[in-house]
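Structure, as structure tokens:
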Amino acid sequence: MKQYLQLCQRIVDEGQWVENKRTGTRCLTVINADLEYDVANNQFPMITTRKSYYKAAIAELLGYLRGYDSAAQFREIGCKTWDANANENSAWLNNLHRKGEDDMGRVYGVQGRAWQRPDGSTLDQLAKVINNLKNGIDDRGEIISFYNPGEFELGCLRPCMHTHTFSLLGDTLYLTSIQRSCDVPLGLNFNQIQCFVLLALVAQITGHKAGKAYHKITNAHIYENQLELMRDVQLKREPFASPQLKINPNIKSLNDIETWVTRDDFEVTGYECHEAIQYPFSV
Ligand SMILES: Nc1nc(=O)c2c([nH]1)NC[C@@H]1CN(c3ccc(C(=O)N[C@@H](CCC(=O)O)C(=O)O)cc3)CN21
Ligand SMILES: O=c1ccn([C@H]2C[C@H](O)[C@@H](COP(=O)(O)O)O2)c(=O)[nH]1
């Protein structure tokens, strides 16, 4: 929690204003942030200086792991976060590749589960990584990349947290996640949870201990219409201790994640937080 607040404070103190063409809203911006999550000791990185909706963040991650490409699929599993990007951004609405209401195109999970090869077949990056890790193999390339520049025009948004690399040291599994662009008041609240859960879940289904998750962010920003709430409300609050996350121990395979796991297989205990803050969202 401290590292999150330090990043917010750093943006407020040292950030530079950058115009953003895609949303039309400028952002106070810093470059380069390194965050770490202690999954081994179950220090769940949920924001405590406002109410955090962790189940939606986990549902979003489940949707990525399943390769979803429609905001309707995300809604069905309890996550509304893709409604706006799928249905309200004019560049995407006018894109001829958009297949209709709720279509997100070839984003995130589609690349993770069905990367298109030149011969027309597809590659399941996630299954390869899980299979190797299950067999104790780290080939120094246990990488899941959602970032496919050749297909950007086929999706509603370029992936933000775009690369996840797993590493095995002895029987401990580590994760390094790379993010190119980060909406610190809204997106990071979700992304911290997702890095933690991704490592905890993959460790569980591959039979390893979880170590640390390392989260590396390039462009970290606060949109102009969020600044006052962050500076004058959220940053004035004292954080509470981190809660703990309990994952249903019956989740044992990638197939389980694909077929029956829901956001209710994840429970948080010991969460104490300040009042909710509703930040504006830029589409
Ligand atoms: N401008 C922007 N910021 C983002 O963080 C973001 C995007 N766009 N586009 C793609 C995804 C969608 N994400 C989102 C979208 C909405 C919330 C959001 O509204 N969160 C609320 C409540 C969520 C709920 O009730 O389930 C929050 O207070 O955290 C969070 C992340 C993260 N990403
Ligand atoms: O997981 C996510 C997804 C998106 N974001 C934020 C970061 C930016 O504010 C926007 C994406 O806009 P770009 O113009 O494509 O950079 O969404 C996030 O923080 N986390």
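Just follow the structure's listing: the first ligand is 1, and inside any ligand the first atom is 1. As the structure is a computational prediction, the values presented were derived from the model and not from experiment.
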Give the numbers and elements of all ligand 1 atoms closer than 4.0 Å to a heavy atom of [X].
X	result
Leu157	9 (N), 10 (C)
Ser282	1 (N), 2 (C), 8 (N)
Ala56	26 (O)
Gly187	5 (O)

Regarding ligand 2, does [X] bring an N or O atom to under 3.5 Å of one of the ligand's N or O atoms?
X	answer
Glu60	no
Gln194	no
Tyr64	no
Asn20	no

| said: I'd like to know if the side chain of Glu151 pairs up with that of Gln111 as donor and acceptor (distance under 3.5 Å, no hydrogens or angles considered). | reply: yes
State whether a side-chain donor-acceptor pair under 3.5 Å links Asn250 with Asp256. no
Between Arg98 and Asp103, does any side-chain N to carboxylate O distance fall below 4.0 Å? no
Could you tell me whether Asp38 and Lys212 have a side-chain N and a carboxylate O separated by less than 4.0 Å?
no
Would you sort out whether Glu258 and Arg66 count as a salt bridge (Lys or Arg N to Asp or Glu O under 4.0 Å), showing the intermediate values? CA-CA 6 Å; Glu258 288 164 354; Arg66 288 177 175 172; over 6 Å; no
Would you indicate which of [options] comes nearest to [atom] when only heavy atoms are counted?
atom	options	value
atom 2 (C) of ligand 2	Leu188, Thr81, Asn191	Asn191
atom 18 (C) of ligand 1	Asn191, Asp183, Leu188, Leu186	Leu186
atom 17 (C) of ligand 1	Thr81, Asn189, Val283	Thr81
atom 29 (O) of ligand 1	Met104, Gln194, Arg50, Met161	Arg50
atom 3 (C) of ligand 2	Cys160, Pro185, Ser282	Cys160

Exercise for the section: Kindly say whether Leu168 contributes a backbone atom to a donor-acceptor pair with the side chain of Asp138 at under 3.5 angstrom? Expected result: yes
Any heavy atom of Phe281 under 4.0 Å from ligand 1? The part involved is side chain
The answer for which part of Thr23 has a heavy atom under 4.0 Å from ligand 1 is neither
| field | ligand 1 to Lys80 polar contact by distance, N or O atoms, under 3.5 Å | value | no
Next on the checklist: The test is side chain to side chain donor-acceptor pair (under 3.5 Å); show your working for Tyr64 and Gln194 and say whether it passes.
Outcome noted: CA-CA 10 Å; Tyr64 296 155; Gln194 291 166 344; 5.1 Å; no
Centroid-centroid under 6.0 Å between [X] and [Y] rings:
X	Y	answer
Phe166	His164	no
Phe74	Tyr68	yes
His162	Tyr108	no

Heavy atom of Arg22, distance to ligand 2 below 4.0 Å: yes
- Message: With a cutoff of 4.0 Å, is Phe190 in contact with ligand 2, counting heavy atoms of the residue only?
- Response: no
Q. Passes salt bridge (Lys or Arg N to Asp or Glu O under 4.0 Å), Lys55 versus Asp265? Steps please.
A. CA-CA 10 Å; Lys55 291 218 178 197; Asp265 291 297; over 6 Å; no
re atom 7 (C) of ligand 2, the protein heavy-atom contact at minimum distance is Ser181 OG, 3.4 Å
Among non-hydrogen protein atoms, atom 19 (O) of ligand 2 lies closest to Asp183 N, 2.8 Å
Tyr223 heavy atoms within 4.0 Å reach ligand 2 at atoms 8 (C), 9 (O), 10 (C)
So the atoms of ligand 2 within less than 4.0 Å of a heavy atom of Leu157 turn out to be 15 (O)
Query raised in the report: Would you say Trp82 contacts ligand 1, with heavy atoms under 4.0 Å as the rule?
Result: yes
Any idea which part of [X] is under 4.0 Å from ligand 2, heavy-atom wise: side chain, backbone, both or neither?
X	value
Leu186	neither
Tyr108	side chain
Met161	neither

Q) Counting only heavy atoms on the protein side, is anything nearer than 4.0 Å to atom 33 (N) of ligand 1? A) no
Is Leu201 reachable from Val129 through a run of hydrophobic residues whose side-chain heavy atoms are each under 4.5 Å from the next?
yes
